[in-house]
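This report concerns only the one structure given below.
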Amino acid sequence: MTRNDGVLSNARVVLADHVIETGWIALSNGTIAEVGEGRPPERGEDFGGDLLLPGLVELHTDHLEAHYMPRPKVHWNPVAAVVSYDGQLATSGITTVLDSLRVWREEGIAEADGEAEILAGAIAAARSDGLLRIEHFLHLRCEVPMPGVVAEARSLLGRPDVRLISLMDHTPGQRQFRDERKLRDYYRGKKGGLSDAELDRLFAQRIRNQETHGSRNYSALVELAARHATPLASHDDTTLDHVQQSVADGVAIAEFPTTVEAAEALHAAGVRVLMGAPNLVRGGSHAGNVATADLARAGTLDILSSDYVPASLLMAALGLPAAASNHDLPAAVRTVTKTPAEAVGLHDRGEIAPGKRADLIRVRVANDIPAVRSVWLRGTRVA
Ligand SMILES: [Fe+2]
């Protein structure tokens, strides 16, 4: 990793509101010192016309789980998993990530149950040992009806790197899985594949959990987030009642609203609407819900998230102007940089402008496929 206090030149520089077709930027002390057009004041790294973008800011990815549990019931060394995941994010152009950890313990589901503490510890260990390329924060994904969720969230909130709490409810027959068959397909295809009888028992238990713990846990988690001044996200808002509740509870981000109606109302109320980049790249939702591109065309999309495919973030952002002509390139890039950064209070990054952190990526695009060629974090080359 080499320190770069120099100049990056001959680049197509994407600013927050316009593009400099041939431009340069000067770096100093880990921040952007100057931005210019044409020939740079001194020789620097020649981009040969490649794109120069702010490093991407990812608010919701559970991809660490794929590195930590690469096969059903096979656990990798958690710190080694964090290191390889971190490398994959860096080469996907992501320089700030909120690692989504599932605060979700449930009998009968052998996924990442009770592993949030282990993974949070592994991220902290990798960070303090200097093994990470990019900056990591935590996003606690709390499954509201689970009996132990409040206690677990409370213990994790003691960590200084928690930046976001999302409130999820995957009780069958509503929100993401209004169509219960989709939920069955989801779990059948998942690690461990459950039988119909096992799914019947699981779903019945989820409905009981929601009845018993749902509303009390919800209030306790909202209160906990407020006490720690941690931004809140809603998840899979579907109806106007969901929207009303999110707005009343001061939610900053709405993850994956499932209907156009909910997304419009959330966006109009100033809640930032976050949608899946894979959904945009693939042309639809894997769960049969609203398409990201439709929300983008309607002007209600604020933030893209790579969700389960890190490389989708950059692909989707660069493909957005073609999918939704109301987005020029700067507007598309804002959905993966400035808007998500500001939504979680990171005002020091997310755009190319003097004084901002020099978190930057160099990207070459051929036949609509982007490749990240270099990555800088605070002006230091990390990939
Ligand atoms: Fe969901």
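Numbering of ligands and ligand atoms starts at 1, following listing order. Just so you know, these numbers use all the heavy atoms, side chains as well, and skip hydrogens, waters and symmetry mates.
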Quiz item: Side chain of R334, backbone of A16: donor and acceptor closer than 3.5 Å?
Solution: yes

Quiz item: Just wondering, is there an N, O or S atom on M168 that's nearer than 2.8 Å to the Fe ion (ligand 1)?
Solution: no

Quiz item: Can you name the ring-ring contact (aromatic ring centres under 6.0 Å, His included) partners of H170, sequence neighbours left out?
Solution: W104, H235

Quiz item: H235: which N/O/S atom is nearest the Fe ion (ligand 1)?
Solution: NE2

Quiz item: Can you name the N, O or S atom of D236 that is closest to the Fe ion (ligand 1)?
Solution: OD2

Quiz item: Short question: side chain of N217, backbone of V144 - any donor-acceptor pair under 3.5 Å?
Solution: yes

Practice problem: State whether the side chain of T259 and the backbone N or O of T238 hold a donor-acceptor pair below 3.5 Å, judged by distance alone. | Solution: yes

